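Predicted, not measured: the structure shown is a model, and the values here were computed from it. Heavy atoms only: backbone and side chains are in, while hydrogens, waters and symmetry mates are out.
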Amino acid sequence: MNPELVQTMRAALEAVMARIPADQSVFGVKAAMAEVILKAAAHGHTSFDGLVAVASAQIQAVIAMLS
């Protein structure tokens with residue numbers, strides 16, 4: 001992975017985490033969201049907006065799975 005993509009993925013993860021209310025940010029949410037972003041990047045979503053959109057769409061499913 002190139003360094004620019006890694007930075008974009010990091011920024012997308014932080015942006016998505018900022019959308020999750022603190023009371024719902026249970027242990028493991030950040031790791032699970034990072035995995036969603038990694039998988040999205042592997043499937044060709046390499047823009048910041050694309051990664052944020054894909055990960056944002058998974059927020060509720062991830063929280064439900066970990067709660």
List for me each residue that meets side-chain contact (heavy atoms from CB on, under 4.5 Å) alongside S25, sequence neighbours excluded, and say none if there are none.
-> M17, I20
Not counting sequence neighbours, which residues clear side-chain contact (heavy atoms from CB on, under 4.5 Å) with L38? List them please.
-> M1, M9
Using the salt bridge (charged side-chain N to carboxylate O under 4.0 Å, His left out) rule, collect all pairs that involve [range], keeping only residues at least two apart or in two chains.
{"range": "residues 33-58", "value": "E35-K39"}
{"range": "residues 7-29", "value": "E14-K30"}
{"range": "residues 55-66", "value": "none"}

Return the minimal non-hydrogen interatomic distance between [X] and [Y], and the atom names on each side.
{"X": "T8", "Y": "S47", "result": "CG2-C, 4.0 Å"}
{"X": "A40", "Y": "V54", "result": "CB-CG1, 3.7 Å"}
{"X": "A41", "Y": "T46", "result": "O-CG2, 4.3 Å"}
{"X": "V52", "Y": "A15", "result": "CG2-CB, 4.1 Å"}

In this structure, CZ of F48 is separated from CD1 of I37 (nearest 0.5 Å) by 9.0 Å
If you look only at distance, which donor and acceptor atoms sit under 3.5 Å apart when one is on a side chain in residues 57-67 and the other is two or more places apart or in another chain?
{"from": "S67", "atom 1": "OG", "to": "I63", "atom 2": "O", "distance (Å)": "2.6"}

